[in-house]
Structure formats: C-alpha cells, structure tokens
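Order of the sequence lines fixes the chain letters, A, B, ..., with proteins taken first and strands second; residue numbering starts at 1 for each chain.
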Amino acid sequence: MCVVHPEFAPDASLSREEMEALQHEVAETAIFEDEFDFDPERVRSGPSDDGQTQLPSGKEKTAEDDPIVVGVDQAFVGEKAVSAIVAARDGEVIERTHAAVETEIPYIPGLLSFREGTAILRAFKKLSVEPDLAIVDGSGRIHYREAGIATHIGVMLDLPAIGVAKNLLCGKLRDPPQGHMREGERIPVLANDRVTAPNGTVIGYALQSRQYDNPEKRHVNPLYVSPGHRVSAEMTANLVWQLCAGYKLPEPTRRADAYADEVKQTVGS
DNA sequence: GCGACAG
DNA sequence: ATCTTGTCGC
C-alpha cells in the first residue's frame with residue numbers, strides 16, 4: 001500500500017526538537033473519532049460461522065466482504081529492526097510482509113516511531129492487499145504528544161489504526177482497580193499533565209483481555225489500548241476485545257509476533 | 001534534584 | 001525489545 005503523507009516520515013536524523021514538532025503535526029492530522037468504512041461488527045478473531053449466512057435481501061455474507069485486519073510487530077536482530085506484518089480476513093491469513101532496517105537511534109520513550117517507523121513503513125509498502133485496520137504494538141493516543149507509533153503509522157498511510165501496549169506510557173486510570181481487573185473489564189485512561197490533550201480527556205483504555213479464575217494466586221496485567229487514527233477510544237476497546245481469542249494479546253498481534261520470530265532467524269544480524 | 005519511562 | 005531454565009498453576 002502507499003504512503004499518503006510522506007512529509008511526516010519518521011526521519012531518525014532529525015533533532016529531538018524537530019521530532020517532537022513533527023509529532024505535534026501528526027497529532028493535529030490524526031482523527032480520534034470513528035471514521036472508517038468497514039462494519040466494526042465484522043471484525044473478529046476468527047471465523048464466526050460457515051460463511052453461508054443468508055441475508056433478507058437474498059445476498060449472503062462471505063469472507064471476501066469482511067474487513068482486512070493487519071497485525072504489526074517489531075523485533076530486533078543485532079542492530080537491525082525487523083518489522084513483520086500479517087494480514088488476515090475472517091481470521092484467515094492472506095498475506096505476510098516484512099522488512100529489516102538498520103536502527104539509527106536508541107530507544108527513547110516517546111520517540112519510538114523514529115526508531116522503528118521506517119521498517120514498518122517499508123513492510124507496509126510491500127503489502128499488496130488493501131487493509132481496513134491496523135493493530136500496532138505500542139501506543140497510539142496514549143502518548144505525551146498524542147502521537148504514538150500507532151498514530152504516526154496510521155496518519156502516514158491514512159489507515160484506521162489502533163495501538164496495543166503492554167505497559168502504560170503516560171496518562172492515569174480514571175478508577176484505579178481495588179485488586180485485579182476481571183476479564184473483559186475496561187477502565188478509561190485519562191490525559192494528565194504529561195499529555196498535551198486537555199486534562200481528563202479519555203485517551204485510551206486499560207483492557208483486561210484475559211484473567212485467571214483466581215487472580216489472588218496468579219494474575220494477568222491489562223492491555224493499554226488507544227486510538228491510532230480514525231478510531232475512537234471506545235471503538236478501540238471494542239475492536240481489540242473482539243480480536244482476542246482467549247489469550248492476552250489480540251490475534252493480529254500474536255500472528256505478527258510469530259511471524260517476526262520466523263523472520264528473525266532468516267535475517268542475519 | 002527526583003521520578004517517570006511504549007518497544 | 002533482548003539475554004534465558006526451570007517452575008508454578010490451570
């Protein structure tokens with residue numbers, strides 16, 4: 001697929017100030033509302049039926065009509081950043097692409113897209129199918145300047161995108177849980193002083209995608225999901241939840257994770 | 001100065 | 001993210 005906003009390219013040679021300025025531009029271009037064409041109810045972790053569902057009009061729903069969801073994950077081999085993308089429709093993998101790019105800068109909280117963005121975009125350019133939604137590992141709006149890696153990628157490609165992180169970069173939970181969250185539970189993540197958005201803005205959700213029966217003994221931490229582009233915070237939580245299939249991470253992410261591992265052993269350092 | 005800190 | 005064996009629990 002093609003880059004729609006090349007002017008937002010995550011150039012690693014920029015100064016820190018320039019990177020932050022670029023992120024502010026990305027955030028201004030980002031849309032944190034539901035502005036996508038696919039039917040959100042047709043986004044799911046896997047086949048929900050035999051694909052023979054009859055509609056009143058006489059037409060029928062087929063997998064070909066389902067939205068294409070891509071999972072994006074990063075891995076490292078020596079000094080190379082490996083980006084893996086797995087596209088699926090109705091839970092069926094239809095294409096996989098990857099790219100390995102030499103890293104130019106170290107990991108800096110808040111500037112992740114400048115370290116891994118180029119590899120991700122290169123992998124996206126190799127993708128022949130046209131995705132409807134991207135699930136990116138890392139934050140989206142849950143970011144100091146509301147421009148996490150999911151937002152940066154989504155805006156550049158003008159593709160609906162969602163950020164799925166295992167840890168909270170910034171922001172604060174509206175209602176801190178007593179003990180551990182129950183499976184399916186979600187708590188709003190609000191903007192605080194460290195975020196450019198007005199204090200109290202819901203910039204994402206803590207989503208308990210999986211939990212053990214007895215959290216006292218053994219428990220799972222929640223996922224921190226946030227809008228990347230063209231998706232609201234509420235819809236973000238709904239879609240990620242629908243993409244989970246009994247594991248902590250949503251299926252698109254798990255598939256990209258596994259593919260990244262495969263690629264790692266293929267690409268030498 | 002001290003604390004916070006996606007992957 | 002990555003370095004890494006065993007081990008606890010469902």
Can you hop from [X] to [Y] via hydrophobic side chains spaced under 4.5 Å?
{"X": "A:Y247", "Y": "A:L223", "result": "no"}
{"X": "A:I153", "Y": "A:I85", "result": "yes"}
{"X": "A:V225", "Y": "A:L249", "result": "yes"}

How close or far is atom [atom2] of [N] from atom [atom1] of [X], stated in whole angstroms?
{"X": "A:H152", "N": "B:dA6", "atom1": "NE2", "atom2": "P", "value": "19 Å"}
{"X": "A:D261", "N": "C:dA1", "atom1": "CG", "atom2": "C1'", "value": "12 Å"}
{"X": "A:Y144", "N": "B:dA4", "atom1": "OH", "atom2": "P", "value": "12 Å"}
{"X": "A:I120", "N": "B:dA6", "atom1": "CD1", "atom2": "P", "value": "16 Å"}
{"X": "A:I142", "N": "B:dC5", "atom1": "CD1", "atom2": "P", "value": "13 Å"}
{"X": "A:E79", "N": "C:dT2", "atom1": "CD", "atom2": "P", "value": "13 Å"}
{"X": "A:L223", "N": "B:dG7", "atom1": "CG", "atom2": "C1'", "value": "14 Å"}
{"X": "A:F114", "N": "B:dA6", "atom1": "CZ", "atom2": "P", "value": "17 Å"}

Is it the case that A:H229 and A:D158 place a side-chain donor and acceptor less than 3.5 Å from each other? yes
Are the side chain of A:E116 and the backbone N or O of A:Q74 linked by a donor-acceptor pair below 3.5 Å? no
Under 4.0 Å from OP1 or OP2 of B:dA6: is there any side-chain N or O of A:Y224 that close? no
C:dA1, OP1 or OP2 - any side-chain N/O from A:K264 closer than 4.0 Å? no
So if I take residues 162-190 of chain A and measure heavy-atom distances to DNA chain B, which residues fall below 4.0 Å? A:A165, A:K166, A:N167, A:L168, A:L169
Near DNA chain B, under 4.0 Å by heavy atom, which residues of residues 234-246 of chain A? none
What string of B, S and - do you get for nucleotides 5-10 of chain C, 5' to 3', if B is base contact, S is sugar-phosphate-only contact and - is no contact with any protein heavy atom under 4.0 Å? ---B-S
Aro-ring/base stack A:Y107-C:dA1, d under 5.5 Å, angle under 30°: no
Tell me if the CD atom of A:E41 is crowded by more than 12 foreign heavy atoms within 6.0 Å. no
Using a 4.0 Å heavy-atom cut-off across all strands, classify A:A75 as base, sugar-phosphate, or nothing. sugar-phosphate
Could you tell me how the ring of A:F38 sits relative to the ring of A:F36: parallel (under 30°), tilted (30 to 60°) or perpendicular (over 60°)? parallel
In this structure, CG of A:D37 is separated from CZ of A:R230 (nearest 0.5 Å) by 8.5 Å
To the nearest 0.5 Å, what is the distance between CG on A:L173 and CG on A:L168? 6.5 Å
For the aromatic rings, using the six-membered ring if either is Trp, is the centroid distance between A:Y212 and A:H180 under 6.0 Å? no
